[in-house]
Amino acid sequence: MSGVTLLDEPFDLDADRLKEECGVFGILGHEDASALTALGLHALQHRGQEAAGIVTFDRDQFRAERHLGLVGDHFSNADTINRLSGRAAIGHVRYSTSGEPVLRNVQPLFAELEGGGIAICHNGHFTNAMTLRKQLIMDGAICQSTSDSEVVLQLLARSREKKIVDRFIDAIRQMEGAYALVALTAKKLIGARDPLGIRPLVLGDLNGAPVLASETCALDIIGATFIREVENGEVIVCTPGGIESFFPFGKRPARPDIFEYVYFSRPDSVLGGRSVYDVRKKFGRELARESTVDADVVVPVPDSGVPAAIGYSQESGIPFELGIIRNHYVGRTFIEPTQAIRTLGVKLKHSANRSQIEGKRVVLVDDSLVRGTTSVKIVQMIREAGAREVHFRLSSPPIKHSDYYGIDTPVREKLLAAKYNLDEMKSYIGADSLAFLSIDGIYRAMGFDGRNNAAPQFTDHCFTGDYPTPLTDLSEDHDMARPPRLVEVQ
């Protein structure tokens with residue numbers, strides 16, 4: 001394999017995917033606020049499966065339910081919903097990119113301030129949170145969690161502004177990175193999007209009740225009407241009297257994260273005026289133009305590769321078939337007692353459909369390649385099902401750089417494309433050929449002539465290493481590996 005050696009680690013199907021970030025939802029002025037929030041979080045479950053939480057306000061007090069696990073595990077019964085009374089609510093689904101997966105880090109977080117209580121949750125990651133946290137603790141702050149969201153509450157508490165909106169703006173002015181924030185006070189539902197709009201946030205309406213959510217699919221599930229996207233750098237304040245907008249950072253060009261289109265957003269969501277599903281098919285079409293190959297069948301790696309594989313098939317004229325069948329009923333707690341059993345792990349979720357593969361030249365299409373361990377197993381599985389040739393195609397460019405904006409990527413040393421060249425990667429995964437969509441190709445699929453290197457249209461740091469915000473915490477002297485001072489026993 002041209003000197004390439006397999007990574008010395010056990011096979012872990014879930015570990016070879018980029019982990020989703022988080023999802024946020026909020027509604028103001030509806031009698032079924034908690035139930036609608038639970039439904040909205042169901043629609044956003046793909047963005048985080050470790051924990052979920054809802055906070056409501058019922059005229060007199062805030063009420064909170066926060067749990068480890070899936071939304072349906074805790075927010076699908078009437079007793080829970082009835083406990084969360086009130087006409088205003090915010091909710092959060094979490095995958096921990098900052099802070100351990102323990103209950104004290106589950107959002108929304110809540111604090112009592114001089115002007116009253118406030119609950120807050122966010123999607124994304126603050127790239128200076130550790131630096132600010134260290135300074136806050138040196139100044140006497142007591143931190144109850146290890147989530148970077150708590151830094152916002154600490155800054156809110158210390159602000160000298162009088163009005164809660166001004167305090168909120170004062171706090172986020174000090175934050176760097178990528179975020180979509182939703183906050184709830186006794187009178188207001190507040191949303192905010194980072195100055196570049198890296199993380200998504202949309203505004204909807206349900207019979208006069210304003211709704212904020214990470215994606216439009218959360219509006220669809222409750223029957224809300226999509227109004228518009230919250231603009232990059234916008235702070236939006238919803239009250240019973242109407243909606244106000246503030247732009248504390250001034251207006252600047254947006255740079256949303258291209259990976260929302262590649263992988264994170266649900267296919268039925270609309271983002272930046274584009275259907276995510278249609279965009280992924282265009283990625284596949286562009287990929288077929290760039291890397292044609294003689295083959296008999298196009299097979300997606302389910303479910304992530306399906307739209308791109310459809311586009312590849314339509315552009316190339318090669319028939320599309322479900323050559324891999326996914327088992328949707330496999331949980332994350334399967335006991336794998338031996339290495340021999342662990343190596344069969346891929347078959348728990350993916351099985352080859354031999355009738356569509358045997359004797360054929362197969363084009364395998366997936367959305368991205370991270371560490372490559374899953375791809376090795378899938379290529380091997382397709383060969384064992386009788387494929388004559390296996391050609392692997394990725395509908396995004398090579399992931400060569402780590403993310404610091406809310407996506408849990410491996411350290412760079414474990415990213416396959418950061419370690420090896422194209423031929424070495426092809427040998428590593430055992431394919432007859434390997435091709436990625438080019439940087440310009442992904443921009444062409446988005447409707448541009450190519451990437452504007454002088455002023456990039458999207459945040460694409462995982463591919464290019466072009467980080468659009470300061471990465472303060474990386475440059476400061478922080479012990480990133482320091483264990484938490486409190487370990488919760490679940």
Shortest non-hydrogen contact from [X] toward [Y]:
{"X": "L201", "Y": "A180", "result": "CB-CB, 4.1 Å"}
{"X": "V55", "Y": "A64", "result": "CG2-CB, 3.8 Å"}
{"X": "P267", "Y": "S275", "result": "O-OG, 4.5 Å"}
{"X": "E215", "Y": "F264", "result": "OE2-O, 4.0 Å"}
{"X": "K419", "Y": "E424", "result": "O-OE1, 4.4 Å"}
{"X": "A129", "Y": "D148", "result": "CB-CB, 3.3 Å"}

Practice problem: Please assess R393 against S433 for the test side-chain hydrogen bond (donor to acceptor under 3.5 Å, both in side chains), listing each intermediate value before the final yes or no. | Solution: CA-CA 8 Å; R393 296 293 181 267; S433 71; 3.1 Å; yes
Is there a side-chain contact between [X] and [Y] in this structure, where contact means two heavy atoms from C-beta onward sitting under 4.5 Å apart?
{"X": "Y443", "Y": "Q457", "result": "yes"}
{"X": "L28", "Y": "K188", "result": "no"}
{"X": "H401", "Y": "T464", "result": "no"}
{"X": "I378", "Y": "I324", "result": "yes"}
{"X": "V235", "Y": "I172", "result": "yes"}
{"X": "T225", "Y": "L219", "result": "no"}
{"X": "V370", "Y": "L416", "result": "no"}
{"X": "L212", "Y": "V202", "result": "no"}

[X] side chain to [Y] backbone, donor-acceptor under 3.5 Å:
{"X": "D473", "Y": "T131", "result": "yes"}
{"X": "T292", "Y": "R289", "result": "no"}
{"X": "Q49", "Y": "Q45", "result": "yes"}
{"X": "S265", "Y": "Y261", "result": "no"}
{"X": "Q135", "Y": "M130", "result": "no"}
{"X": "R66", "Y": "G53", "result": "no"}
{"X": "H391", "Y": "L364", "result": "no"}
{"X": "R94", "Y": "Q107", "result": "no"}
{"X": "H30", "Y": "I27", "result": "no"}
{"X": "S402", "Y": "R412", "result": "yes"}

Roughly how far, to the nearest 0.5 Å, is [atom2] of [Y] from [atom1] of [X]?
{"X": "L203", "Y": "I243", "atom1": "CG", "atom2": "CD1", "result": "5.0 Å"}
{"X": "L471", "Y": "H461", "atom1": "CG", "atom2": "NE2", "result": "9.0 Å"}
{"X": "E244", "Y": "T239", "atom1": "CD", "atom2": "OG1", "result": "7.5 Å"}
{"X": "N123", "Y": "L44", "atom1": "CG", "atom2": "CG", "result": "9.5 Å"}
{"X": "S245", "Y": "I236", "atom1": "OG", "atom2": "CD1", "result": "4.5 Å"}
{"X": "R255", "Y": "T469", "atom1": "CZ", "atom2": "OG1", "result": "9.5 Å"}

Practice problem: Please assess I442 against F283 for the test side-chain contact (heavy atoms from CB on, under 4.5 Å), listing each intermediate value before the final yes or no. | Solution: CA-CA 6 Å; I442 205 168; F283 289 162; 3.4 Å; yes
Which word best sums up how the rings of [X] and [Y] line up, parallel for under 30°, tilted for 30 to 60°, or perpendicular for over 60°?
{"X": "Y428", "Y": "Y420", "value": "tilted"}
{"X": "F448", "Y": "F458", "value": "perpendicular"}
{"X": "F259", "Y": "Y263", "value": "perpendicular"}

Quiz item: Between S304 and D366, do the side chains contain an N or O donor and an N or O acceptor separated by less than 3.5 Å?
Solution: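 Indeed, the side chains of S304 and D366 share at least one donor-acceptor pair under 3.5 Å.
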Quiz item: Is there a donor in the side chain of S147 and an acceptor in the side chain of S149, or the other way round, less than 3.5 Å apart?
Solution: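 Indeed, the side chains of S147 and S149 share at least one donor-acceptor pair under 3.5 Å.
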Practice problem: Would you confirm whether the ring centroid of F75 sits within less than 6.0 angstrom of the ring centroid of H67? | Solution: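 Between H67 and F75, the centre distance is under 6.0 Å.
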Quiz item: Given F168 and F246, is the side-chain contact (heavy atoms from CB on, under 4.5 Å) satisfied, shown in steps?
Solution: CA-CA 11 Å; F168 186 85; F246 303 88; over 6 Å; no
Quiz item: Going through the distances and angles, do V270 and V276 end up as a side-chain contact (heavy atoms from CB on, under 4.5 Å)?
Solution: CA-CA 6 Å; V270 175; V276 173; over 6 Å; no
Practice problem: Please test T56 against I54 for side-chain contact (heavy atoms from CB on, under 4.5 Å), starting from the C-alpha separation and ending with a verdict. | Solution: CA-CA 7 Å; T56 63; I54 295 176; 4.0 Å; yes
Exercise. Evaluate the criterion salt bridge (charged side-chain N to carboxylate O under 4.0 Å, His left out) for residue pair D367 and R280; output intermediate values, then yes/no.
Key: CA-CA 9 Å; D367 63 346; R280 289 175 185 170; over 6 Å; no
Self-check item: Passing candidate, side chain to side chain contact (heavy atoms under 4.5 Å, CB included) with R444, options E290, R451, K282
Solution: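 Of all the options given, the one that passes is E290.
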Exercise. Verify the neighbour count for atom CG of D449: are there more than 12 heavy atoms of other residues, nucleotides or ligands below 6.0 Å?
Key: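 No, not enclosed.
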Quiz item: Do E234 and R228 meet the salt-bridge criterion of a basic N to acidic O distance under 4.0 Å?
Solution: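 A salt bridge is present here (some side-chain N lies under 4.0 Å from a carboxylate O).
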Practice problem: Check the pair E176 / H125 against side-chain hydrogen bond (donor to acceptor under 3.5 Å, both in side chains), numbers first and verdict last. | Solution: CA-CA 9 Å; E176 298 170 355; H125 184 72; over 6 Å; no
Quiz prompt | Q314 vs R285, side-chain hydrogen bond (donor to acceptor under 3.5 Å, both in side chains): CA-CA, chis, key distance, verdict | solution = CA-CA 7 Å; Q314 291 173 344; R285 284 184 173 275; 3.1 Å; yes
Quiz item: Of all residues at least two apart in sequence or in a different chain, which pass the side-chain contact (heavy atoms from CB on, under 4.5 Å) check with S159?
Solution: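 Partners of S159 by the side-chain contact (heavy atoms from CB on, under 4.5 Å) criterion, ordered by chain and then number, come out as E161, R167, D170.
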Residues 190-199, side-chain donor-acceptor partners within the protein, below 3.5 Å, at least two apart:
unit_1, atom_1, unit_2, atom_2, d
R193, NE, R199, O, 2.6
R193, NH1, E229, OE1, 3.4
R193, NH1, V230, O, 2.8
R193, NH2, G197, O, 3.0
D194, OD1, L196, N, 3.0
D194, OD1, G197, N, 2.7
D194, OD1, I198, N, 2.9
D194, OD2, Y179, N, 3.0
D194, OD2, I198, N, 3.1
D194, OD2, R199, N, 3.2
R199, NE, E21, OE1, 3.3
R199, NH1, Y405, O, 2.9
R199, NH2, E21, OE2, 3.1
R199, NH2, D257, OD2, 2.8
R199, NH2, E260, OE2, 3.3

